[in-house]
Amino acid sequence: MKPSLSIDDYHAWPDERGRFGPYGGMFVAETLMAPLAELRDAYLHLREDAAFMAELDRDLAHYVGRPSPLYLAERLSREVGGARIVFKREDLNHTGAHKINNTVGQALLARHMGKPRVIAETGAGQHGVATATVAARLGLKCVVYMGATDIERQKINVYRMKLLGAEVVPVTSGSKTLKDALNEALRDWVTNVDDTFYIIGTVAGPHPYPMMVRDFNAVVGREARAQVLEQFGRLPDAITACVGGGSNAMGIFHAFLNDREVRLVGAEAAGEGLASGHHAASLAAGRPGVLHGNRTYVLCDDDGQITETHSISAGLDYPGVGPEHAFLKDSGRAQYLGVDDDEAMEAFHRLCLTEGILPALESSHAVAQAIKLAQALPRDGLVLCNLSGRGDKDVHTIAAREGIEL
Amino acid sequence: MNDTSQNRLDRRFAALKSAGRTGLIPFVTAGDPAPELTVPVMHALVAAGADVIELGMPFSDPMADGPVIQHASERALAHGVTVQRVLQWVRAFRDTDADTPVVLMGYLNPVEIMGEKDFAHAAAQAGVDGVLLVDCPVEEDETVAPLRAAGLKRILLTAPTTAQERLDRACELAEGFLYYVSFAGVTGAGRLAVDTMADRVAGIRRRSQAPVAVGFGVRDAGSARAIAAFADAVVIGSALVERLDGAGDATEAAARVQSFLAPIRAALER
C-alpha cells in the first residue's frame with residue numbers, strides 16, 4: 001500500500017496541538033480543556049527539569065528494577081528455525097508489566113502538581129494495579145474504574161488493587177468493559193478537576209496523554225537500542241510488540257522510528273479472526289474516527305457507534321488505538337498485523353516450554369508475531385520482541401479455556 | 001441582508017429579546033423512550049412552551065453525560081436509532097412546524113463516519129438549525145467547517161473552567177447561542193451554584209456575539225427561575241429525560257412533557 005504521509009523526522013511529533021499528522025488532538029468536553037492545558041504545561045515544564053527527571057530515573061532503577069534485561073531466546077529461536085529472537089523483558093518489572101513505567105512518571109507528576117487524588121481506568125487490571133501501586137507508595141488516594149464484565153474476568157487483579165489500598169468502582173454502562181471504564185474515569189475527572197489527576201494507562205486519550213505516556217514508556221526502546229547494539233553490534237531487522245491501546249509498542253518503537261532500516265510490526269488482537277468480526281484490530285480492520293478525545297482508527301459500525309471487541313486477552317480488548325500508531329500506519333513506517341486467539345495461545349505454550357517464561361496473553365500475541373517474522377528471515381537475522389508482561393494473571397483464563405479446573 | 005438572518009435560531013432569539021422573555025430549551029434524546037414518540041414529543045415540547053428544541057443524537061460512548069442521558073442513549077441505540085433516522089424525525093417535525101429551531105446535540109464520531117460534509121448537507125435539508133458537538137472544542141473548529149458552510153449554526157460550549165483566552169475565542173465564534181455549562185461535571189448532576197454563575201454569565205453576555213443559554217443541572221422551576229435572572233435561555237435535559245422514561249404512548253408522553261414544563265415555563269415568565 002502506498003503511504004499517504006511522508007515524514008522526515010518521526011521524533012518531531014506531535015505538533016503543538018497534539019497532532020500526529022491528521023491524528024490525535026483534543027476532542028473532549030469543554031470542562032476538560034483547562035485541566036488538559038494545565039497538565040500539558042506542567043509536563044512540558046517538568047520534562048526539562050533535571051531534578052524531576054533524576055527522581056524519575058531513580059524510581060525506575062530502584063523501584064521498578066530498570067534496566068530490564070535483553071534476553072536472547074536461543075532454544076525458541078532454534079526450534080522456530082529462523083532468525084534469532086531477543087526479548088525485552090518488561091515482564092520482570094515490579095508489578096509484572098511495562099505499565100509501571102508510565103504510572104511512576106504520572107504519579108510523580110501528580111505529586112508535583114499538588115493533586116492528592118489519582119484515578120485510572122483498567123481493562124485486564126494491570127494498569128489499575130500499577131496505578132494503585134504507585135499511589136500507595138506516594139500516599140495518594142486512588143480510585144480505579146473497571147468494567148463490570150472485566151471485574152468478573154479478572155478477580156485476582158481486583159483483589160490486588162484493593163490490597164494496595166485502591167477503591168475499585170465497577171462500571172455498568174455500555175459494554176461494561178475498558179472503553180466504558182475510560183468514559184467513567186473521564187466523567188469523574190470532569191467532576192473533580194480541582195483535586196484529581198487522571199492517570200491514563202495507554203497512548204490514547206486527548207493530548208498530552210499520547211505523547212506523555214509514550215515518553216514515559218520510551219525508556220523501553222532506549223534501553224533496548226543500546227543493549228542490542230552492545231550485545232549484537234547491530235540494530236535488529238525487525239521489532240514487534242502487541243498493540244491494544246499501544247503503549248508498550250510505542251515504548252519500544254519510539255527510539256527506532258528514525259532507523260528506517262528496522263522494520264516495525266505491531267501485533268493486534270485478531271480474536272476469532274479478522275473475518276469473524278470478533279476481534280480488537282482497530283488498525284488492521286478499523287477506520288479513522290474520534291474516540292476518547294483523539295482522532296485515530298476505531299472499530300465502529302456505519303452509523304459511527306463504537307462496536308464491542310473480542311480478544312482472549314482483556315488488555316488488548318479496546319476499540320481504539322493510540323493516534324501515533326494511526327500515524328505510523330498511514331506513513332508506512334509501521335505495519336499492523338492481526339494475531340488470533342489460537343496463534344497467541346500456541347505462542348504462549350511454546351515460550352513456556354522452550355524458555356521457561358510464562359508470558360501475558362497480551363504479550364503472547366507479540367511472541368506469535370516474532371516467530372512469524374523470524375521464520376521469514378535468515379539465521380543471522382535478529383528479531384526484537386517486547387515481552388510486555390508476565391502471564392501469572394492469566395493462568396485462570398488459560399486453564400478455563402483448556403477445560404482444566406484448578 | 002446576510003444568510004444568517006434567515007436562521008430560525010437568530011429569529012427566535014431576536015423575538016425573545018424584543019419581548020423581554022427568557023428562552024426555554026428542553027433536551028430530549030432522539031428515539032427515547034421509543035422511536036415512534038420522538039416527533040410527537042417534539043410537538044408536545046413546543047405546545048408546552050419550548051422556544052428551541054435540543055435533540056440528542058445517541059452515541060455509544062457519551063463521555064460527558066451522566067447516568068440519565070447515558071441510559072437514554074443506550075435505550076435509543078437498542079431501538080436501532082441512527083443519525084439518518086434522527087434526521088428523518090426532524091424532517092417529519094418540520095412538516096407541521098416551520099418555526100421552532102431544532103439543535104442536534106451529540107458526539108463527533110457518528111458525524112465523522114458519515115462525513116462532515118454529507119452530515120451537514122443532510123441536516124440542513126432536514127430542517128436542522130444548529131449542531132452542538134460535545135467533544136469538538138474551538139481548537140478543532142476546522143473539523144466542522146462544513147457545518148457552517150451548510151448554513152448550520154455551530155453551538156459552542158463554555159464552562160466555569162474555560163480560560164480567558166479560549167473564552168474570548170468562543171465569544172467571537174459563537175453563533176445561534178452560546179451554551180454555558182453551569183458547573184464542572186456531567187449532565188444531570190446537581191451542584192448548581194447560582195451566585196457565582198451570575199457574574200460569569202453576565203460577563204460572557206457582554207462579549208458574546210450570540211445569546212447565552214445556561215444548562216447542566218437545571219432540574220425544576222426554582223433553578224430555572226434563578227438562572228433566568230441573568231441568562232438569555234435555560235436548557236433543561238436530564239430531569240426531562242428522566243420524566244419521559246417509561247412513557248407508553250404519545251398521549252402519555254405529551255402529558256408528562258406538559259406537566260413537567262408548565263411550571264418551568266411559568267417561572268420563566270415572571
Side-chain angles (χ1 to χ4, degrees), chain A residues 16-19 22 24-38 41 171-175 179-194 196 205-207 286-296 298-308 319-320, chain B residues 57-67 70-71 73-74 76-77 80-86 106-115 119 133-140 142-143 156-167 170 179-187 189 191 216:
Chain A
E16 69 284 353
R17 297 168 64 208
R19 296 291 190 108
M26 299 170 93
F27 294 92
V28 294
E30 180 59 30
T31 314
L32 286 180
M33 293 302 290
L36 284 169
E38 183 194 2
D41 294 347
V171 176
T172 56
S173 57
S175 61
K179 76 175 180 71
D180 309 285
L182 216 152
N183 290 328
E184 205 56 38
L186 284 166
R187 291 180 191 119
D188 179 314
W189 199 30
V190 127
T191 310
N192 301 296
V193 290
D194 290 340
T196 298
H207 181 62
R287 49 181 145 185
V290 173
L291 178 66
H292 293 147
N294 68 99
R295 181 177 286 115
T296 186
V298 300
L299 291 169
C300 67
D301 65 19
D302 290 340
D303 193 48
Q305 307 300 336
I306 304 302
T307 46
E308 290 189 22
Chain B
M57 296 186 286
F59 180 49
S60 53
D61 293 77
M63 63 184 182
D65 283 299
Q70 284 174 44
H71 292 144
S73 293
E74 285 172 19
L77 291 174
V81 174
T82 61
V83 173
Q84 296 288 359
R85 286 184 78 189
V86 175
Y107 293 80
L108 194 51
N109 198 56
V111 172
E112 185 124 343
I113 294 302
M114 184 170 170
F119 172 82
L133 294 166
V134 178
D135 53 354
C136 192
V138 287
E139 284 77 358
E140 306 295 348
E142 72 202 46
T143 299
L156 288 167
L157 293 158
T158 63
T161 55
T162 304
Q164 194 58 48
E165 195 180 309
R166 299 187 62 258
L167 187 59
Y179 189 131
Y180 181 75
V181 175
S182 58
F183 59 86
V186 293
T187 54
R191 308 203 304 183
F216 275 46

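The chains referred to below are lettered A, B, ... by the order of the sequence lines, with proteins before strands, and numbering in each begins at 1. Fair warning: this is a prediction, and the values are worked out from it, not measured in the lab.
A donor-acceptor distance shorter than 3.5 angstrom exists from the side chain of B:Asp135 to the backbone of B:Leu108, with no hydrogens or angles considered.
The CG atom of B:Leu77 sits 8.0 Å away from the CG atom of A:Asp303 when rounded to the nearest 0.5 Å.
With a 4.5 angstrom heavy-atom cutoff, A:Asp302 touches chain B only via backbone atoms. If you measure heavy-atom distances from B:Pro67 to chain A, you find no contacts under 4.5 Å at all. For B:Glu142, the part lying under 4.5 angstrom from a heavy atom of chain A is the side chain only. Using a 4.5 Å cut-off between heavy atoms, B:Val86 does not touch chain A at all. Heavy atoms of A:Asp301 lying under 4.5 Å from chain B belong exclusively to its backbone. A:Pro206 does not touch chain B: none of its heavy atoms, backbone or side chain, sits under 4.5 Å away. Contact of B:Leu133 with chain A is not made at all, since no heavy-atom distance falls under 4.5 Å. A:Ile306 touches chain B through backbone and side chain together, each having a heavy atom under 4.5 Å away. Proximity to chain A involves both the backbone and the side chain of B:Glu139, based on heavy atoms less than 4.5 angstrom apart.
Salt bridge absent: A:Lys179 and A:Glu308 never bring a charged side-chain N and a carboxylate O closer than 4.0 Å. A salt bridge is absent between A:Arg287 and B:Glu112: the closest approach of a Lys/Arg side-chain nitrogen to an acidic carboxylate oxygen does not fall below 4.0 angstrom.
For the residue pair A:Glu30/B:Thr162, the side-chain donor-acceptor check at 3.5 Å is satisfied.
Taking the side chain as every heavy atom from C-beta outward, B:Val83 and B:Val111 never approach each other to under 4.5 Å. Inter-residue side-chain proximity for A:Arg295 and B:Thr143 is flagged as met; some heavy-atom pair is nearer than 4.5 Å.
With respect to chain B, the highest number of heavy-atom pairs below 4.5 Å among A:Pro35, A:Ala37, A:Ala34, A:Ser175 belongs to A:Ala34.
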